[in-house]
Amino acid sequence: MKLTTKIFIGLILGAAVGLALHFWAPDLFETLDAWFFNPLGTIFLNLIKMLVVPIVFFSITLGVASLGDPKKLGRIGGKTIAFFLVTTTIAISIAISLAYLFQPGSGDFDTSGANYESQEAPGVVETFTNIIPTNPVQAMTEGNMLQIIAFAIFIGFALAMLGRKTEGVMKLVEQGNEIMMFLVNLIMRFAPYGAFGLLASAIGTMGLDGAAAMAAYMLVVLLALFVHLVVVYGSAVSILGKMNPIKFFKGFFPAFTVGFSTSSSSSTLPVSMKTAQENLNVPKPISSFVQPLGATINMDGTAIMQGVATIFIAQVYGTDLAFTQLVMVVIVAVLASIGTAGVPGVGLIMLAMVLNQVALPVEGIALIIGIDRLLDMTRTAVNITGDAACAVVITESEKKHGISEQKPAEQIAE
Ligand code: ASP
């Protein structure tokens, strides 16, 4: 049986078992969750998380070093960021339009007990200046993705410039990358069981609580995610990437399911890179550069949730947003989704920033927090698909410049 099928079965079985226990044997669920489901899921999560920092470092260094020339890097970087910004803006616009069309917040909602402590979101300038790490080792121990990316770009650039002189280090980075990719393959064999554990634990804990009351909101978010996935990524991949969208979605499906079960773009990164390189023929230098960056700053699914949630909360509290405020929502949600770390639940924390901007009550978050776990899974899967779509598009557009699959060490040896 194919791995993808196995993961999918793991997901469905996990959800079914979790749901059944939630309703019929909650006590049994607690014991099973403590001793089996939760540990099983956590082991899988830890296994892939273990690889994230070394993979980001090795692969970006290697990617930048093999691109070699800074002009090429600038061109790919520019196109990547443009793709991220445009798709995220489209994502929020779809979300806002659907929220206006379906009015999920027009029913009766009890807001009297709503209570939500918002966390301080970092400022825009601070976020930008912090990209440069003052201590790269600390950035790695803290898992600060943007800082690790910045450091790796510098090292990769230096390796490219120094050529023969640093051949040894180049080999080390290359082989380090090989080791990591080998381990991803190994760990993925455990993915079906991990997905089972994660789903059983999550669904068993929350059941369908709150889902009925929040059905309209959930459906609008899911619909917007679906439209974005199929229409925007589907057409980007086929028109700009010259790839059959069905091949794209099928090829990327293993990573999609892992994103869904882990709710974390950054934990899924090792798997999504491997999947894009092997199933979607994205050359390593492009995948290594586009996907880690995307997993950190490109979150269309998150932006969609933030867009729908903002309009939903405005409707619940009976506030009309003027057109200029809507434009503000789009701009701030793009920034908020960029600032969202690729770990579970952060999108909801960053939502406070959007609500503050248009003077909506942050307490509104209390209404949607209960069902956010399920939506987090779905939006994370969409988030990482966006990065893969970008990688496919960049691959096509770089063809005319001849991106080489040649190993950097061979280039140096020549
Ligand atoms: N969990 C999401 C991700 O990792 C971020 C979020 O929206 O909370 O992509």
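Just so it is clear, the values below take in all heavy atoms, side chains as well, and ignore hydrogens, waters and symmetry mates.
- A distance of 10.5 Å separates OG of Ser201 from CZ of Phe196, quoted to the nearest 0.5 Å.
- Although no hydrogens or angles enter the test, the distance criterion places a donor-acceptor pair under 3.5 Å between the side chain of Gln147 and the main chain of Asn130.
- Nearest heavy atoms, Gly251 versus Asn279: O-ND2, 2.9 Å.
- Residues Ile371 and Tyr217 are in side-chain contact: their nearest non-hydrogen atoms beyond the backbone lie under 4.5 Å apart.
- Heavy-atom neighbours of Ile246 CD1 from other residues, nucleotides or ligands within 6.0 Å: at or below the threshold of 12.
- The two atoms that bring Ala333 and Val354 nearest to each other are CA-CG2, 4.1 Å, heavy atoms only.
- Here the side chains of Arg379 and Leu225 are in contact, with some heavy-atom distance below 4.5 Å.
- Note: Phe252 and Phe248 have parallel aromatic rings, judged against thresholds of 30 and 60 degrees for the angle between ring planes.
- Residues Leu280 and Thr275 form no side-chain contact, since every pair of their non-hydrogen atoms from C-beta on lies 4.5 Å or further apart.
- You'll find the side chain of Met305 reaches within 4.5 Å of the side chain of Leu348, heavy atoms only.
- A distance of 8.0 Å separates OG1 of Thr257 from CG of Leu3, quoted to the nearest 0.5 Å.
- Within the model, atoms CZ of Phe289 and CD1 of Ile394 stand 9.0 Å from one another, a figure rounded to the nearest 0.5 Å.
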From CA spacing to verdict: side-chain hydrogen bond (donor to acceptor under 3.5 Å, both in side chains), Thr302, Ser337: CA-CA 6 Å; Thr302 301; Ser337 69; over 6 Å; no
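- Residues Phe37 and Thr205 fail the side-chain proximity criterion, which asks for heavy atoms closer than 4.5 Å.
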Quick one: side chains of residues 38-52, donor-acceptor pairs under 3.5 Å with protein atoms, not counting sequence neighbours, listed by atom name and distance.
{"unit_1": "Asn38", "atom_1": "OD1", "unit_2": "Thr42", "atom_2": "OG1", "d": "3.4"}
{"unit_1": "Thr42", "atom_1": "OG1", "unit_2": "Asn38", "atom_2": "O", "d": "2.7"}

Go through the steps for Leu32 and Val17 under the test side chain to side chain contact (heavy atoms under 4.5 Å, CB included), then give the verdict. CA-CA 11 Å; Leu32 279 177; Val17 169; over 6 Å; no
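- How far CD1 of Ile76 is from CG of Leu67: 4.5 Å, rounded to the nearest 0.5 Å.
- A donor atom on one side chain and an acceptor atom on the other are not found under 3.5 Å apart for Asn177 and Ser59.
- Nearest heavy atom pair, residue Arg373 against residue Ala202, reads NH1-CB, 3.4 Å.
- Side-chain atoms of Gln103 come within 3.5 Å of backbone atoms of Tyr100 as a donor-acceptor pair (strictly under, hydrogens ignored).
- Closest heavy-atom contact between Gln291 and Ser287: OE1-OG, 2.9 Å.
- Note: Phe8 and Phe253 meet the aromatic proximity criterion, with ring centroids under 6.0 Å apart.
- Salt-bridge check for Lys72 with Glu398: failed, with every basic side-chain N at 4.0 Å or more from each acidic carboxylate O.
- A distance of 8.0 Å separates NZ of Lys79 from CD1 of Ile286, quoted to the nearest 0.5 Å.
- Between the side chains of Thr395 and Asn281, not a single donor N or O lies within less than 3.5 Å of an accepting N or O.
- With no hydrogens or angles considered, no side-chain donor-acceptor pair links Ser66 and Lys284 at under 3.5 Å.
- Side chain of Asp376 to backbone of Pro344: no donor-acceptor contact under 3.5 angstrom is found.
- Within the model, atoms CG of Asn383 and CD1 of Ile297 stand 12.0 Å from one another, a figure rounded to the nearest 0.5 Å.
- Remark: Phe190 CZ is packed, more than 12 non-hydrogen atoms of other residues, nucleotides or ligands lying under 6.0 Å away.
- Between Leu98 and Val308 the shortest side-chain heavy-atom distance does not fall below 4.5 Å.
- Under the side chain to side chain contact (heavy atoms under 4.5 Å, CB included) rule, Leu159 has a single partner from Val64, Val173, Leu62, which is Val173.
- Judged by distance alone, with hydrogens and angles left aside, the side-chain atoms of Ser264 form a donor-acceptor pair with the main-chain N or O of Ser267 at under 3.5 Å.
- In Phe226, the CZ atom is not crowded: 12 or fewer heavy atoms of neighbouring residues, nucleotides or ligands sit closer than 6.0 Å.
- What you find for Met353 and Val332 is that their closest heavy atoms are O-CG1, 4.1 Å.
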For Leu374 and Met206, run side chain to side chain contact (heavy atoms under 4.5 Å, CB included): C-alpha distance rounded to whole Å, both residues' side-chain angles, the deciding distance at 0.1 Å, then the answer. CA-CA 9 Å; Leu374 201 64; Met206 66 187 175; 3.8 Å; yes
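- Considering only heavy atoms from C-beta on, Phe256 stays 4.5 Å or farther from Phe249 through its side chain.
- The minimum heavy-atom distance linking Ala236 with Val393 is given by the pair O-CG2, 3.6 Å.
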Does the side chain to side chain contact (heavy atoms under 4.5 Å, CB included) test come out yes or no for Phe102 and Leu219, once each step is laid out? CA-CA 10 Å; Phe102 292 106; Leu219 289 177; over 6 Å; no
May I have the step-by-step check of side chain to side chain contact (heavy atoms under 4.5 Å, CB included) for Met145 and Val56, ending in yes or no? CA-CA 8 Å; Met145 287 308 150; Val56 170; 4.0 Å; yes
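- Under the 3.5 Å distance criterion, the side-chain polar atoms of Gln306 are matched with a main-chain donor or acceptor of Gly347.
- Contact annotation: the side chain of Leu240 never approaches that of Ser397 to less than 4.5 Å [non-hydrogen atoms, C-beta and beyond].
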